[in-house]
Visitor: 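One structure, as structure tokens, below. Some questions next.
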Protein chains: 2
Amino acid sequence: MAAVKTTGLVGAIRPAGVPKRARKGLRSPNPETAAKVLSAAADLIGSGGFRRLRVEEVAERAGVSVGTFYLYFEGKDDLLVQLVVDHTARLRQRLAPAYATEGSFAARLRQALDAYLGFAEDDEAGFLCTVQDGGMVDTTAGRLSTWVVGQHVADLRPVVEEAMAKGEIRRDDPTLVSQAIVGLVQHLAIFWLQHRDHCTRADLQRFVERSANLPPKLG
Amino acid sequence: MAAVKTTGLVGAIRPAGVPKRARKGLRSPNPETAAKVLSAAADLIGSGGFRRLRVEEVAERAGVSVGTFYLYFEGKDDLLVQLVVDHTARLRQRLAPAYATEGSFAARLRQALDAYLGFAEDDEAGFLCTVQDGGMVDTTAGRLSTWVVGQHVADLRPVVEEAMAKGEIRRDDPTLVSQAIVGLVQHLAIFWLQHRDHCTRADLQRFVERSANLPPKLG
């Protein structure tokens with residue numbers, strides 16, 4: 001999770017059941033401070049994972065006091081939510097050009113898969129944190145892990161619907177088809193990152209393309 | 001998670017990084033006490049989920065003291081690990097007859113899918129707890145959620161290999177094929193349980209069968 005940028009989405013969802021007390025007191029929040037804390041947390045997750053992360057070390061690395069941390073974040077769950085929201089927004093930005101590509105559904109899906117796996121590879125710890133640690137966190141928008149999948153499904157579904165309308169793929173429930181693609185790719189990406197000795201990124205990419213019955217890539 | 005039975009597997013894996021101090025002091029553990037605590041926790045998860053669970057209420061419902069709880073479990077993570085181990089063992093028992101069915105790969109997979117979705121439906125809270133809350137827990141056998149998938153993949157892979165050897169399905173990496181099937185079914189089962197208004201169990205079952213290119217069921 002090296003390159004954290006504030007995306008404008010940060011703060012859109014929050015952990016459920018936690019009163020929003022601390023941040024109420026902050027009259028003029030500094031977006032740079034929030035970004036600095038998120039970036040420090042991302043670096044620390046990159047080396048030790050989310051579970052072992054302590055608020056004290058995040059504050060120290062960001063060069064802010066623990067008190068300042070709590071002016072911006074309600075605690076570790078809130079930090080995780082904001083990191084995952086930021087990570088998901090950046091991944092969606094990487095996927096958008098693939099979905100907008102001129103050409104067949106197969107070409108779009110192939111390019112999106114390449115972008116997805118590239119993003120996961122560039123920031124392995126951030127990716128695993130986003131797709132695994134979010135399972136236990138309830139937010140105002142449901143389980144964090146469910147929210148992540150829902151974001152990607154919302155982007156993919158119109159592409160799937162267009163392909164069905166053009167007769168490129170069999171007509172079926174476009175939500176289930178999109179859920180299946182997002183769920184399958186996410187699951188296999190986790191497996192691949194944790195078993196690099198079992199298969200390469202190219203092996204995995206070809207496997208998913210065969211599973212989705214995409215025609216072999218030419219050239 | 002109503003019907004918790006001790007499976008003999010309980011205690012096989014433990015949360016990582018936690019010294020096994022408390023249970024060392026227990027010279028003659030009573031399996032009935034452990035089962036009573038697990039059963040009480042399962043009931044409470046059924047009504048309120050794992051996140052909100054407090055050790056005090058588990059002990060109270062099980063009719064044991066908090067001190068006794070800590071003689072058997074190191075804390076909430078350890079409790080979750082043992083619940084998930086138990087849940088997974090019971091699900092594998094339900095799937096075993098399907099995998100051992102005489103007949104085609106399609107028949108076996110169809111029967112296994114039916115058993116899997118039936119098990120998830122019978123104990124929705126226990127299923128969601130097992131497949132979602134385990135993401136954040138590191139155990140002596142890796143991430144708890146990864147361990148769960150690995151157990152099912154180990155059972156499915158020989159069935160897949162046999163189908164490839166018989167020419168029933170395309171030859172491919174049997175581990176990736178098994179990971180894809182387990183990951184896809186788990187993901188779609190979560191979606192289905194959380195969106196019962198979107199599709200019925202029969203809708204989902206037919207969708208997975210189409211996705212796996214299984215021939216339509218006769219009769």
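Protein chains get the first letters and strands the later ones, always in sequence-line order, with residue 1 at the start of each.
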Visitor: With side chain to side chain contact (heavy atoms under 4.5 Å, CB included) as the test, would you mind laying out the steps for A:F191 and B:T146 before giving the verdict?
Guide: CA-CA 8 Å; A:F191 174 80; B:T146 304; over 6 Å; no

Visitor: Between B:C199, B:S145, B:G150, B:G183, who has the most heavy-atom pairs with chain A when the cutoff is under 4.5 Å?
Guide: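 When all of B:C199, B:S145, B:G150, B:G183 are compared, B:G183 has the most.
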
Visitor: Which one, A:L128, A:V131, A:V177, A:D203, leads in non-hydrogen pairs under 4.5 Å with chain B?
Guide: A:V177

Visitor: Distance check, rounded to the nearest 0.5 Å: B:Q179 atom CD versus A:F207 atom CZ?
Guide: 9.5 Å

Visitor: Return the CZ to CG distance between A:F50 and B:D138, rounded to the nearest 0.5 Å.
Guide: 12.0 Å

Visitor: B:H198 versus A:D173: any side-chain heavy-atom pair under 4.5 Å?
Guide: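 A side-chain contact under 4.5 Å exists here.
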
Visitor: Which region of A:L144, side chain (C-beta onward) or backbone (N, CA, C, O), has a non-hydrogen atom less than 4.5 Å from a non-hydrogen atom of chain B, or is it both or neither?
Guide: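 Neither part, no heavy atoms under 4.5 Å.
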
Visitor: Answer yes or no: is there a donor N or O on one side and an acceptor on the other, between the side chain of A:H187 and the main chain of B:L184, under 3.5 Å?
Guide: no

Visitor: For A:E60, does the CD atom sit with more than 12 other heavy atoms under 6.0 Å from it, leaving out its own atoms?
Guide: no

Visitor: Given side chains that start at C-beta, do those of A:R210 and B:R170 come closer than 4.5 Å, heavy atoms only?
Guide: yes

Visitor: Which atoms of B:L80 come close to chain A, meaning under 4.5 Å heavy atom to heavy atom: side chain ones, backbone ones, both, or neither?
Guide: side chain

Visitor: For A:D172 and B:R206, run salt bridge (Lys or Arg N to Asp or Glu O under 4.0 Å): C-alpha distance rounded to whole Å, both residues' side-chain angles, the deciding distance at 0.1 Å, then the answer.
Guide: CA-CA 11 Å; A:D172 208 322; B:R206 281 191 297 267; over 6 Å; no

Visitor: Please state whether the side chain, the backbone, both or neither of A:V137 comes within less than 4.5 Å of a heavy atom of chain B.
Guide: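 For A:V137, backbone and side chain are both near chain B.
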
Visitor: Report the option among B:H195, B:Q186, B:R52, B:Q132 that has the most heavy-atom pairs separated by less than 4.5 Å from atoms of chain A.
Guide: B:Q132

Visitor: Would you mind checking which part of A:L176 comes under 4.5 Å of any heavy atom in chain B, side chain (CB onward), backbone (N, CA, C, O), both or neither?
Guide: both

